Amino acid sequence: MTALPVIHVKGTHYQVGYQIGSAMRHYIEEYVSTLPLLNDVLLPFSESEKGMKAYKRSENLLRQMVPQYVEEVEGLAAGAKLPFKSVFLLNMNCPKGVSEKGCSTIIIPRPGGQGPIFGHN
């Protein structure tokens with residue numbers, strides 16, 4: 001198994017996403033193009049009437065509640081030269097019953113006012 005590179009990024013949420021997307025473009029493109037969950041389930045569902053409503057509701061809610069995360073995903077998609085919708089769908093939890101997989105987020109506080117270490121997959 002090939003180890004992923006360590007990437008040092010800085011800037012706005014969008015700029016951080018863009019830098020990661022650019023640096024990891026090959027990996028992200030391959031993952032997006034070959035993932036059955038995205039191509040056979042999530043994207044087709046998001047085009048159905050029910051899926052479109054769920055997608056828009058989720059996107060609007062996340063833009064209101066955590067706009068910085070949406071900005072980072074926008075940057076990631078732009079950096080990887082992929083459609084925002086594909087990258088966004090992969091960063092949302094799957095519809096219930098489709099998959100039990102989801103994201104994990106960890107936040108580790110650091111002393112001295114340095115701000116936390118944040119990890120999300």
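Computed from a prediction, not measured in an experiment: that's the story for all the values here.
In this structure, the side chains of Ile7 and Met24 come closer than 4.5 Å at one or more pairs of heavy atoms. With a 4.5 Å cut-off on side-chain heavy atoms, Lys85 and Leu89 count as touching. Proximity of Ile28 to Leu76: side-chain heavy atoms (C-beta onward) are separated by under 4.5 Å at one or more points. Between Phe88 and Leu62, some side-chain heavy-atom pair lies under the 4.5 Å cut-off. With a 4.5 Å cut-off on side-chain heavy atoms, Gln15 and Gln19 count as touching. Side-chain contact between Phe84 and Val70 is present, with at least one heavy-atom pair separated by less than 4.5 Å.
To the nearest 0.5 Å, the span separating OG on Ser86 from CG on Asn39 amounts to 7.0 Å. To the nearest 0.5 Å, atom CG of residue Leu38 and atom OG of residue Ser33 are 9.5 Å apart.
Side-chain heavy atoms closer than 4.5 Å link hydrophobic residues (I, L, V, M, F, W, Y) into clusters, and following such links, possibly through other members, connects Val73 to Leu43. No single ILVMFWY cluster, assembled from side-chain heavy atoms under 4.5 Å apart, contains both Ile20 and Tyr18. In the hydrophobic cluster analysis, where Ile, Leu, Val, Met, Phe, Trp and Tyr join through side-chain heavy atoms closer than 4.5 angstrom, Tyr27 is grouped together with Tyr31.
Judged by distance alone, the side chain of Glu30 and the main-chain N or O of His26 form no donor-acceptor pair under 3.5 Å.
Qualifying side chain to side chain donor-acceptor pair (under 3.5 Å) partners for Arg63, counting only residues two or more places apart in sequence or in other chains: Glu59, Glu74.
Shortest non-hydrogen contact noted between Ala77 and Val87 is CB-CG2, 3.8 Å.
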